[in-house]
Enquirer: 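Before I ask anything, here is the structure I am working with.
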Amino acid sequence: QVQVVESGGGLVQPGGSLTLSCVASGNIRVLKDMSWHRQAPGKSRELVAHITESEDTTYSDSAKGRFTISRDNTKNTVYLQMNNLKPEDTALYYCNVEVLLTPTWSRADYWGQGTQVTVSS
């Protein structure tokens with residue numbers, strides 16, 4: 001019904017930057033809230049940043065001041081600009097999208113497969 005694909009991960013040195021992208025496609029009538037999460041080895045998945053349909057944003061304490069979430073509704077895409085990356089940011093980053101489906105108008109949320117971010121010198 002809905003496909004979610006993340007991209008943009010990679011290996012970066014401490015202090016570097018990356019921009020992640022997440023594209024949603026399929027039976028989408030309305031794209032509602034979108035968010036980025038991450039999961040490091042041996043740890044549970046955690047919320048990194050969240051953006052509402054009206055573009056209100058919230059961030060985890062670790063992301064505040066370094067990461068910026070944004071969206072382009074014309075492209076069904078959410079971005080995560082990450083600056084001043086630290087080794088502790090190393091994780092698999094997942095995108096979650098909440099949608100209203102067509103033709104049913106039912107509400108559902110979908111996860112992507114994740115994109116790996118590794119911060120290391």
Side-chain angles (χ1 to χ4, degrees):
Q1 289 180 320
V2 175
Q3 295 77 44
V4 178
V5 179
E6 303 99 334
S7 62
L11 174 63
V12 63
Q13 292 186 342
S17 299
L18 280 176
T19 299
L20 306 182
S21 301
C22 167
V23 181
S25 61
N27 298 345
I28 300 170
R29 184 183 295 275
V30 179
L31 201 55
K32 305 291 283 182
D33 293 5
M34 306 174 82
S35 56
W36 286 97
H37 304 250
R38 69 186 183 187
Q39 187 166 18
K43 296 187 177 181
S44 57
R45 191 175 298 189
E46 62 174 355
L47 175 67
V48 176
H50 178 270
I51 186 166
T52 67
E53 188 180 3
S54 57
E55 301 195 25
D56 294 322
T57 59
T58 55
Y59 297 91
S60 66
D61 286 344
S62 62
K64 284 178 186 175
R66 300 188 299 127
F67 295 1
T68 303
I69 189 171
S70 61
R71 61 191 288 166
D72 184 341
N73 292 328
T74 66
K75 298 180 180 179
N76 283 358
T77 299
V78 61
Y79 304 97
L80 185 68
Q81 171 69 44
M82 304 185 292
N83 298 324
N84 190 21
L85 283 161
K86 305 175 181 180
E88 51 264 43
D89 294 317
T90 296
L92 191 58
Y93 283 70
Y94 295 92
C95 175
N96 180 270
V97 300
E98 184 178 342
V99 304
L100 297 182
L101 296 169
T102 183
T104 62
W105 285 95
S106 59
R107 197 180 194 109
D109 73 287
Y110 296 88
W111 292 91
Q113 294 298 307
T115 185
Q116 178 67 39
V117 172
T118 302
V119 184
S120 175
S121 55

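No hydrogens, no waters, no symmetry mates; every other heavy atom, side chains included, goes into these values. Note that the structure is predicted; figures quoted are calculated from it, not measured.
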Enquirer: Not counting sequence neighbours, which residues clear side chain to side chain donor-acceptor pair (under 3.5 Å) with Thr57? List them please.
Expert: none
Enquirer: Side chains of residues 4-20: which donor-acceptor pairs under 3.5 Å do they make with residues two or more places apart or in other chains?
Expert:
residue	atom	partner	partner atom	Å
Glu6	OE1	Gln113	N	3.1
Glu6	OE1	Gly114	N	2.8
Glu6	OE2	Cys95	N	2.8
Glu6	OE2	Gly114	N	3.3
Ser17	OG	Asn83	OD1	3.0
Thr19	OG1	Gln81	OE1	2.4

Enquirer: Is it possible for you to say whether Leu31 and Ile51 belong to one hydrophobic cluster, with membership spreading through side-chain heavy-atom contacts below 4.5 Å?
Expert: yes
Enquirer: Please determine whether residues Leu92 and Met82 belong to a single hydrophobic cluster, defined as Ile, Leu, Val, Met, Phe, Trp and Tyr linked transitively by side-chain heavy-atom distances below 4.5 Å.
Expert: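 No; Met82 is not reachable from Leu92 via cluster members.
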Enquirer: Taking only residues two or more places apart in sequence or in another chain, which ones pass salt bridge (Lys or Arg N to Asp or Glu O under 4.0 Å) with Arg107?
Expert: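 If we apply the salt bridge (Lys or Arg N to Asp or Glu O under 4.0 Å) test to Arg107, skipping adjacent residues, the hits are Glu98.
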Enquirer: Mark yes when over 12 heavy atoms from residues, nucleotides or ligands other than Gln3 sit less than 6.0 Å from its CD; otherwise mark no.
Expert: yes
Enquirer: Can you pull out every salt bridge (charged side-chain N to carboxylate O under 4.0 Å, His left out) where at least one residue sits in residues 72-96? Sequence neighbours excluded, please.
Expert: Arg38-Asp89, Arg66-Asp89
Enquirer: Using side chain to side chain donor-acceptor pair (under 3.5 Å) as the criterion, list what pairs up with Arg45, not counting sequence neighbours.
Expert: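 Expected list: none.
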Enquirer: Check salt bridge (Lys or Arg N to Asp or Glu O under 4.0 Å) between Lys64 and all other residues, then give those that pass, not counting sequence neighbours.
Expert: Asp61
Enquirer: Under the side chain to side chain donor-acceptor pair (under 3.5 Å) test, which residues partner Thr58, sequence neighbours left out?
Expert: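 Expected list: none.
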Enquirer: Hey, is the main chain of Leu101 close enough, under 3.5 Å, to the side chain of Ser106 for a donor-acceptor pair?
Expert: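 No; zero donor-acceptor contacts below 3.5 Å.
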Enquirer: What's the verdict on side chain to side chain contact (heavy atoms under 4.5 Å, CB included) for Ser60 and Leu47, showing C-alpha distance, side-chain angles and the deciding distance?
Expert: CA-CA 7 Å; Ser60 66; Leu47 175 67; 5.9 Å; no
Enquirer: Return the minimal non-hydrogen interatomic distance between Val119 and Thr90, and the atom names on each side.
Expert: N-OG1, 2.9 Å
Enquirer: Considering non-hydrogen atoms only, spot the tightest contact between Ala40 and Ala91 and give its length.
Expert: N-CB, 3.8 Å
Enquirer: Quick one: which residue pairs count as a ring pair (Phe, Tyr, Trp, His ring centres under 6.0 Å) with a foot in residues 56-100, not counting sequence neighbours?
Expert: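 Checked against ring pair (Phe, Tyr, Trp, His ring centres under 6.0 Å) - neighbours excluded - no pair reaches residues 56-100.
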Enquirer: Mind checking what makes ring pair (Phe, Tyr, Trp, His ring centres under 6.0 Å) contact with His50, not counting sequence neighbours?
Expert: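 Checked His50 against ring pair (Phe, Tyr, Trp, His ring centres under 6.0 Å); zero matches.
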Enquirer: Which residue pairs pass the salt bridge (charged side-chain N to carboxylate O under 4.0 Å, His left out) test when at least one of the two sits in residues 108-121, sequence neighbours left out?
Expert: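 Sorted pair list comes back empty.
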Enquirer: First locate atom CD of Glu46, then atom OG of Ser62, and finally report the distance between them rounded to the nearest 0.5 Å.
Expert: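 If I round to the nearest 0.5 Å, the distance is 5.5 Å.
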Enquirer: Could you note down all residue pairs passing ring pair (Phe, Tyr, Trp, His ring centres under 6.0 Å) where residues 6-43 supplies at least one of them, sequence neighbours left out?
Expert: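 Found His37-Trp111.
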Enquirer: Transitively linked via ILVMFWY side-chain contacts under 4.5 Å: Ile69 with Tyr110?
Expert: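 In one cluster with Ile69: Tyr110, yes.
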Enquirer: Please walk me through it: do Thr68 and Leu80 pass side chain to side chain contact (heavy atoms under 4.5 Å, CB included)?
Expert: CA-CA 6 Å; Thr68 303; Leu80 185 68; over 6 Å; no
Enquirer: Are the side chains of Pro103 and Arg29 in contact, using a 4.5 Å heavy-atom criterion?
Expert: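 They are in side-chain contact.
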Enquirer: Partners of Asp56 by side-chain contact (heavy atoms from CB on, under 4.5 Å), sequence neighbours excluded?
Expert: Thr52, Ser54
